[in-house]
Amino acid sequence: MLKTSVTALLEQMTLEEKIAQLMQITPNFLTDNKADLTGPMEWMGLTEESVSNVGSVLSAVGAKDVIELQKKYMAGNRLGIPLLFMADIIHGYRTIFPVTLAIACSWDMKLAEQSAAIAAKESAVTGIHVTFAPMVDLVRDPRWGRVMESTGEDPYLNSEFARAFVRGFQGHDLSRDSDRIAACVKHFAAYGASEGGRDYNTVNMSERQLRESYLPAYKAALDEGCEMVMTAFNVVDGVPATGNKWLMRKLLREEWGFDGMLISDWGAVHEMIPHGAAEGGEQAAQKAIQAGVDMEMMSSCYINNLKELVESGKLDEALIDESVLRVLRLKEKLGLFENPYRGADEQREKEIILCDEHRQAAREIAAKSSVLLKNEQMLPLHPGQRIALIGPFAQSGDILGPWSIWGSREEAVQLFEGLSEKTAPARISVAQGCDIETGTDEQLAEAVQAAQSAEVIVLALGERSEMSGEAGSRADIRLPQVQLDLIARLKQLDKPIAVVLFNGRPLDLHGVIDPADAVLEAWYPGTEGGSAIADLLFGDVNPSGRLAMSFPHSVGQIPVYYNNYNTGRPLTPENADQRYVSKYLDIPNAPLLPFGYGLSYTSFTYSPALLSSDILQAGEKLNVTVDVTNSGERAGEELVQLYVRDIVGEVVRPLKELKAFEKVSLKPGETKSVTFTIQEEQLRYYHSDLSYDSDAGDFQVFVGPNSRDVETLAFRLVK
């Protein structure tokens with residue numbers, strides 16, 4: 001085989017230098033004085049020599065610091081191999097966009113791609129080469145804090161967003177476009193299915209379910225060219241993902257053909273020990289490298305054990321060479337051997353970060369990501385109305401959400417500021433009402449006084465950022481009681497109430513949705529959140545977001561999701577009064593708000609849908625056409641959704657599966673025709689023997705504005 005520059009470089013490396021390339025550490029190991037390094041070096045079992053050859057640094061940002069760090073490192077590296085700088089850039093670097101679950105509610109791939117491209121540009125100019133995004137874990141349990149980082153409960157929608165985010169981060173040519181960064185899809189695999197919605201917990205499912213629901217989005221990201229994969233903290237079929245040879249070698253490497261870089265999550269190699277899958281660091285290192293994990297993040301099993309494993313004959317050095325080559329190839333692809341500083345530029349950093357263009361994009365995306373959940377003819381507001389703005393988020397900068405590490409709450413547009421752009425501040429009475437989880441009689445009295453002098457009440461409620469995100473699991477997903485009490489007290493004033501929610505997960509909305517006249521789900525909207533929400537509340541922007549995840553009626557339903565299976569005793573309208581059917585005695589089976597749901601300030605009517613034929617021949621196409629009319633008085637966007645059900649399968653099939661969607665913009669009175677195409681390939685699924693094929697037979701097709709409110713038609717697949 002013809003030697004490339006990196007293969008020639010590999011041959012010059014000592015075993016110790018190779019192993020060090022497979023480690024990622026935080027920048028303090030390289031920047032602190034030697035005396036200060038004693039603590040962390042001793043804890044990690046590192047030496048100054050190993051630190052001088054380490055392959056990557058995590059979370060070093062800022063062009064000046066990164067350039068200095070790279071210079072210092074390369075001056076001490078025998079072969080002049082540059083560092084890879086990686087960081088968690090999840091929904092923005094300094095210009096913070098809405099959390100990922102919110103962006104998913106836009107159902108807009110162009111906006112998702114734009115948000116990632118801007119995040120990449122701001123990151124690259126500070127010296128970052130790789131982001132640990134997108135996270136494409138399918139999630140059906142809103143108790144899990146990291147649901148805010150996902151794109152929801154549907155494999156098809158998740159896959160489309162996975163592709164969009166990868167395109168945005170990486171562009172078309174990483175080697176030439178220094179305003180782009182490499183993407184790392186995570187967490188491989190099925191991290192979003194952790195039992196009980198508890199972070200880092202066990203995952204247990206069949207391989208068929210894994211392939212059908214949880215793997216498609218990872219595969220979509222890789223098909224789009226994603227450069228890296230991160231392992232998950234959880235077990236897959238009883239084996240920790242980081243040491244799972246079947247998952248990483250057989251599926252990821254052999255079956256899918258991925259030859260990019262695979263990195264562990266923080267400390268995940270070492271965590272095989274408390275998992276009970278490794279006796280100690282040596283066995284953990286051996287299992288991870290044999291599974292194909294190329295780089296160990298923030299634990300030192302590799303650097304402390306791989307050499308001895310090779311020298312004792314327990315490990316083939318070729319496995320280490322294979323991983324080192326992947327690390328070097330990524331550095332080569334990023335152009336770091338020619339320019340170790342790549343896009344880092346102090347002057348451009350000042351010009352680009354948080355520029356007006358980026359803030360405007362963040363404002364647009366935040367507005368498109370918000371979902372109007374209820375509106376009893378209260379919204380939009382009018383500039384002349386006297387408004388009482390009440391709640392812990394009325395003047396809070398805590399609207400960026402988790403994983404906004406380099407964002408600034410001080411730079412975020414608060415809701416009061418946003419409303420003040422639309423109406424005279426003197427018309428707005430502001431009161432906190434309570435804190436997030438506690439309150440005083442004085443705060444409540446102040447809120448009542450502010451509301452009494454107003455015509456309408458805007459209540460800004462929600463979760464602190466720390467109540468969701470990593471390690472932010474919650475068993476009770478209602479708003480804290482003090483906020484529910486605030487709503488109940490203000491309801492007694494008999495004035496219109498619009499609730500604006502700031503949160504990172506679908507909530508149990510009891511105590512919120514009934515007393516409110518309007519509810520706007522704003523999620524954590526990011527840097528321009530206050531302005532975007534004001535645009536929506538005053539009707540300058542018509543709400544168009546639709547839920548990418550169901551809102552449960554109660555936590556007792558969880559997991560609750562639209563694409564569930566039927567049972568042998570399904571609940572139907574006809575048997576609802578019977579006992580021995582699959583139902584709860586005290587709550588409905590259905591979620592409070594279904595997948596795909598969202599309201600507008602206008603109304604849309606659908607014509608009866610038409611099928612081009614009631615027979616679909618394999619190799620041919622079937623068209624589904626519906627006319628959508630804006631029957632209201634405002635211009636707006638409607639999200640037309642298409643679902644399919646396979647009536648009889650070799651294994652049971654979901655009651656509905658999203659297969660296509662299209663957003664249409666309509667002026668008042670305007671009608672547009674929407675046509676979807678169904679092909680046999682879209683009807684394939686994993687059978688009990690894991691073969692991937694469709695079954696001839698009867699199907700239903702559903703068209704409508706969400707997964708619940710649909711028209712049903714039928715066709716037959718003939719093969």
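These figures come from a predicted structure and were not determined experimentally.
- Heavy atoms from other residues, nucleotides or ligands lying under 6.0 Å from CZ of R478 number 12 at most.
- Taking the centre and axis of the six-membered ring of F676, the NZ or CZ atom of K659 falls outside the cone set by 45° and 6.0 Å.
- Annotation for Y565: atom OH counts as buried by contact number, over 12 foreign heavy atoms lying within 6.0 Å.
- Ring to ring, W107 and Y156 are not that close: their centroids are 6.0 angstrom or more apart.
- For the pair R146 and Y191, the cation-pi test (distance below 6.0 Å, angle within 45°) is failed.
- Around CG of N375, the count of heavy atoms belonging to other residues, nucleotides or ligands within 6.0 Å exceeds 12.
- Counted within 6.0 Å of NZ on K250, heavy atoms from surrounding residues, nucleotides or ligands total 12 or fewer; the atom is thus considered open.
- Screening W266, W403, Y200 for a side-chain hydrogen bond (donor to acceptor under 3.5 Å, both in side chains) with E470, the sole residue that qualifies is Y200.
- The aromatic ring centroids of Y597 and F551 lie 6.0 Å or more from each other.
- Within a 6.0 Å sphere centred on CZ of R569, heavy atoms belonging to other residues, nucleotides or ligands number 12 at most.
- Note that CZ of R208 and OG of S691 are 10.5 Å apart. Values are rounded to the nearest 0.5 Å.
- Here OG of S613 is found 8.5 Å from CD of E620. Values are rounded to the nearest 0.5 Å.
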